[in-house]
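Okay, so here's the structure we're looking at.
If you read the sequence from its start, that first residue is 1, and numbering goes on from there. As a basis for the values below, the full set of heavy atoms in this structure was taken, side chains included, without hydrogen atoms, waters or symmetry mates.
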Amino acid sequence: MNKKSGWAMIAIVAVGVIAWSLSAPQRDTEPGENATPLPVADSPSASSLEPTTLVAARPVVDRSGGYIGSESCGKCHPDYHQSWHESYHRTMTQPITSETAPAAIINQSVVVQGRTYRFHRRNDEFFVELDDPVANGKRMTRRLVLMTGSHHMHIFWYESGFDKTPAQLPILFLIDQQRWIPRQSAFLRPPNMEKGHELGRWNETCCQCHSTYPRTRPDPNEPTWDTRVSDFGITCEACHGPGEPHVVFHQTDSGDSRPAADPIVNPLDLPSDTRSDMCGQCHGIMMVNIDDAADQEEFFRLGRRFRPGDNLGEAYFLKLVRGSKEHWDSETFGKFNALPGKFHGHFWPDGEVRVSGRDYTGMIESKCFQQGELSCMSCHTMHQQDLALQSEWKNDQLKPEMRGDAACLQCHPSYQELGTRHTHHPIDSEGSRCMNCHMPHTVYGILKTIRSHTISSPSVATTIDTGRPNACNLCHLDHTLEQTATHLAAWYGHDKPELAPIEQNTAASLLYFLGGDAAQRVLQVNAFQWKPAQEASGTDWMRFYLLMGMEDPYDAIRLISERAYRSLPGERDSDGSTLDYDFLDPPQGRGEKLRGEYQKVFQTRLKPNDALLIAPDGFLNRARFGFLTQQRNGRPVYLQE
């Protein structure tokens, strides 16, 4: 067995992230040692910007195994092809060309944390000049070859000089905010957790869910990969299976090679318990299990072997990781939980999913799935043929009306008749929306919170046991757990759990914002900017706490706190100016810029509210505030999106 034979024994796969659990590939050379980089040039028109021809710039498109490419589908299915082409699935990985390159990398220069990146264009090729970590920080000009992400952020990959093995640019572009940030700032990770140059990360990890039919093959002796895909991005064949047998079936002259039945898969025709499995191959928490050298060779040659229509629970290489307690004794969970930090990086303590993109893993723990007909296609559709609806649809590919109560009432119509007898909130209010109570924003990823897909009911007992906020306190940010428990007992007959004094007299949002760990804090600062929560809880009292969040040691929490602060009513000064602050400023600089904001807050008398630490005089109760901050859980948190 060669010296890499053990590296792929177990891998964790989830929404474009695959982290190999055993020894990483061993390298005989330092990153960049044998690279053949592009020469440095100050002008995009300089002849030295000619790309090297000694190595391939990026992984290659290799159509085999019956895969024929998305353009083949468009010839017979133009309408479906058009709607797919409009989707963000298609653009999850794209080669960088004049048609795909965003304005952010066209003849621009940006400074991030003291490092300058200069972007140049020459004809149909795009370059970046940077202090290249692959070349040990040497100033280099590199060709940009791929980008991943589509509607939240763009991550760029550049030609490293290693054959077909691009490296990841150390900065990424936030589309909503139209700004560059360091790559590590986009994730909830400890401040002292360094991130390397990511040479080959796309080949090893991202391709698993950001391309179609990926096959990874690392070189046993060099830091290079011979990764092959049938298409960049998530294309028709990722959901319907290889297209070549389908074409042969419909050819009248195919003779003996014609299959007995059309082998193409329409997920809607599958049983409800397997209908979502083709989604779960990427939108689930999975392990790649390889037992020996023969398996490893087959994995490198054929990929994961799962095809649409297969049962995910019986997949050859893929093993579904379920975090609920009844699965903790399983072999798969045992292997998963043995990997450092994996459980709490993906699950809450009770096994509910806590990070984005694993919606399949969350959904299958719901009674609606286990005891009903729920599937991903109950609410989502991969094709929206109405052109007028495509702009809204493409964000998360929901069917019309599935953003509202119709998503739940299609299976539970009786609750519409119950109305306020069930919700105990005005029928037109956010408190009467099904998803706000049963799919709260307790999942984190991509610098925001996302609805849990484990459909459940609010429970204060669960909040105490797991530290996960309940739906009531994520909206009523000014309420205590005692208040929530009292209402749930009166309305639905819940048993009231025994609560500590601090849980009886302090708003739950502040318990977790001031005393919680980084994963709990980030949920709260997101809740502070949620409009329904602002309307239910008021906003004047939030200013001080969001200013605190803007000094948090975690980059992501500072970024989100700033965004939440700017969302508050009246944030602009009378002259139209806004707060001069950047979450990337060094601590002393941030403190200087925030000092004036703190002074405004401390000079403003608020309505007394014991739960929000506002004393009878209208100012902060400093003693209680100090006590809560001393309880803060400082454990390092890395949520593995």
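Other residues, nucleotides and ligands contribute only 12 or fewer heavy atoms inside 6.0 Å of the CZ atom of R115. Within a 6.0 Å radius of CD in E99, other residues, nucleotides and ligands contribute 12 heavy atoms or fewer. Remark: Q108 CD is packed, more than 12 non-hydrogen atoms of other residues, nucleotides or ligands lying under 6.0 Å away.
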Practice task
For the pair L312 and Y360, evaluate side-chain contact (heavy atoms from CB on, under 4.5 Å) and give the outcome as yes or no after the intermediate values.
Solution key: CA-CA 11 Å; L312 194 56; Y360 172 88; 3.8 Å; yes
Exercise for the section: Verify salt bridge (Lys or Arg N to Asp or Glu O under 4.0 Å) between E194 and R183, making sure each step is shown before the conclusion. Expected result: CA-CA 11 Å; E194 295 296 328; R183 185 181 57 217; over 6 Å; no
Exercise for the section: Output, in order, the C-alpha distance, side-chain angles, deciding distance and verdict of side chain to side chain donor-acceptor pair (under 3.5 Å) for W202 and T93. Expected result: CA-CA 10 Å; W202 194 92; T93 295; 3.3 Å; yes
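For S70 (side chain) and T235 (main-chain N/O), no donor-acceptor pair under 3.5 Å exists by modelled atom type. A donor-acceptor pair under 3.5 Å links the side-chain atoms of D124 to the main chain of S98, judged by distance alone. No side-chain donor-acceptor contact under 3.5 Å links H346 to the backbone of I285. Looking at T100, its side chain does come within 3.5 Å of a backbone N or O of P95 through a donor-acceptor pair. Side chain of H210 to backbone of G233: no donor-acceptor contact under 3.5 angstrom is found. Without hydrogens or angle criteria, R118 side chain to H120 main chain gives no donor-acceptor distance under 3.5 Å. Although no hydrogens or angles enter the test, the distance criterion places no donor-acceptor pair under 3.5 Å between the side chain of Q168 and the main chain of E198. In terms of modelled atom types and a separation under 3.5 Å, the side chain of E352 and the main chain of G362 share no donor-acceptor contact. For S185 (side chain) and I181 (main-chain N/O), no donor-acceptor pair under 3.5 Å exists by modelled atom type. A side-chain donor-acceptor contact under 3.5 Å links S160 to the backbone of T165.
Between D131 and K138, none of the side-chain N atoms (NZ, or NE/NH1/NH2) sits under 4.0 Å from a carboxylate O, so this pair counts as no salt bridge. Of the charged side-chain nitrogens involved, at least one lies within less than 4.0 Å of a carboxylate oxygen, so that E365 and R322 count as a salt-bridged pair. The pair E551-R590 does not count as a salt bridge, with every side-chain nitrogen at least 4.0 angstrom from each carboxylate oxygen. A salt bridge links D582 and R179; the closest N-O separation between the charged side-chain nitrogens and carboxylate oxygens is under 4.0 Å. Using a 4.0 Å cut-off between a side-chain N of Lys or Arg and a carboxylate O of Asp or Glu, R275 and D277 do not qualify as a salt bridge. Between R215 and D62, at least one side-chain nitrogen of the basic residue sits less than 4.0 Å from a carboxylate oxygen of the acidic one, meeting the salt-bridge criterion. The pair D555-R558 meets the salt-bridge criterion, since a charged nitrogen lies less than 4.0 angstrom from a carboxylate oxygen. We find that R566 and E562 are joined by a salt bridge, their nearest charged nitrogen and carboxylate oxygen being less than 4.0 Å apart. For the pair E159 and R58, the salt-bridge criterion is not met [side-chain N within less than 4.0 Å of a carboxylate O].
In this structure, the separation between NZ on K448 and CG on D176 is 8.0 Å, given to the nearest 0.5 Å. Rounding to the nearest 0.5 Å places CD1 of I234 at 10.0 Å from CE of M382. The SG atom of C207 lies 12.5 Å from the OH atom of Y213; values are rounded to the nearest 0.5 Å. The distance from atom CD of Q520 to atom CZ of R468, rounded to the nearest 0.5 Å, is 11.0 Å.
The cationic group of R521 does not satisfy the cation-pi geometry with F513, failing either the under 6.0 Å distance to the six-membered ring centre or the 45° limit from the ring axis. Under a cutoff of 6.0 Å and an axis angle of 45°, K342 and F336 do not form a cation-pi pair.
When all heavy atoms of Q281 and M286 are compared, the closest pair comes out as O-CG, 4.2 Å. Heavy atoms only, all atoms of each residue included: S356 and I450 are closest at CB-CD1, 3.2 Å. Minimum interatomic distance between S276 and S375 (heavy atoms only, all atoms of both residues): OG-CB, 3.2 Å. Of all heavy-atom pairs between G284 and R358, the closest is C-CG, 4.1 Å. When all heavy atoms of P223 and L199 are compared, the closest pair comes out as O-CD2, 4.1 Å. T116 and V111 make their closest contact through OG1-CG2, 3.6 Å (heavy atoms, listed as atom of the first residue, atom of the second, distance).
For the pair T449 and L474, the minimum side-chain heavy-atom distance is 4.5 Å or more. Using a 4.5 Å cut-off on side-chain heavy atoms (C-beta onward), P242 and I68 make no contact. In this structure, R189 and P636 have side chains that are not in contact, with every pair of non-hydrogen atoms separated by 4.5 Å or more.
Neither side chain, Q384 nor E392, offers a donor N or O lying under 3.5 Å from an acceptor on the other. Checking T212 against D231 by side-chain atom types alone, no donor-acceptor pair falls below 3.5 Å. A donor-acceptor contact under 3.5 angstrom links the side chains of W157 and T148, judged on distance only. Between the side chains of Q534 and S567, at least one donor-acceptor pair of N or O atoms lies under 3.5 Å.
Taking the six-membered ring where the residue is Trp, the centroids of H441 and W530 are separated by under 6.0 Å. Taking the centre of each ring, H344 and Y638 stay at or above the 6.0 Å mark. Between F343 and W348, the gap from one ring centroid to the other reaches at least 6.0 Å.
Of the listed residues (F127, W180, F156, F126), just one forms a ring pair (Phe, Tyr, Trp, His ring centres under 6.0 Å) with F119, and that residue is W180. The side chain to side chain contact (heavy atoms under 4.5 Å, CB included) test with R354 is passed by exactly one of V443, L639, L523, T442: L639.
Classification of the H383-Y80 ring pair by plane angle, with boundaries at 30° and 60°, yields perpendicular. Relative orientation of the F317 and F299 rings is perpendicular, given thresholds of 30° and 60° on the angle between their planes.
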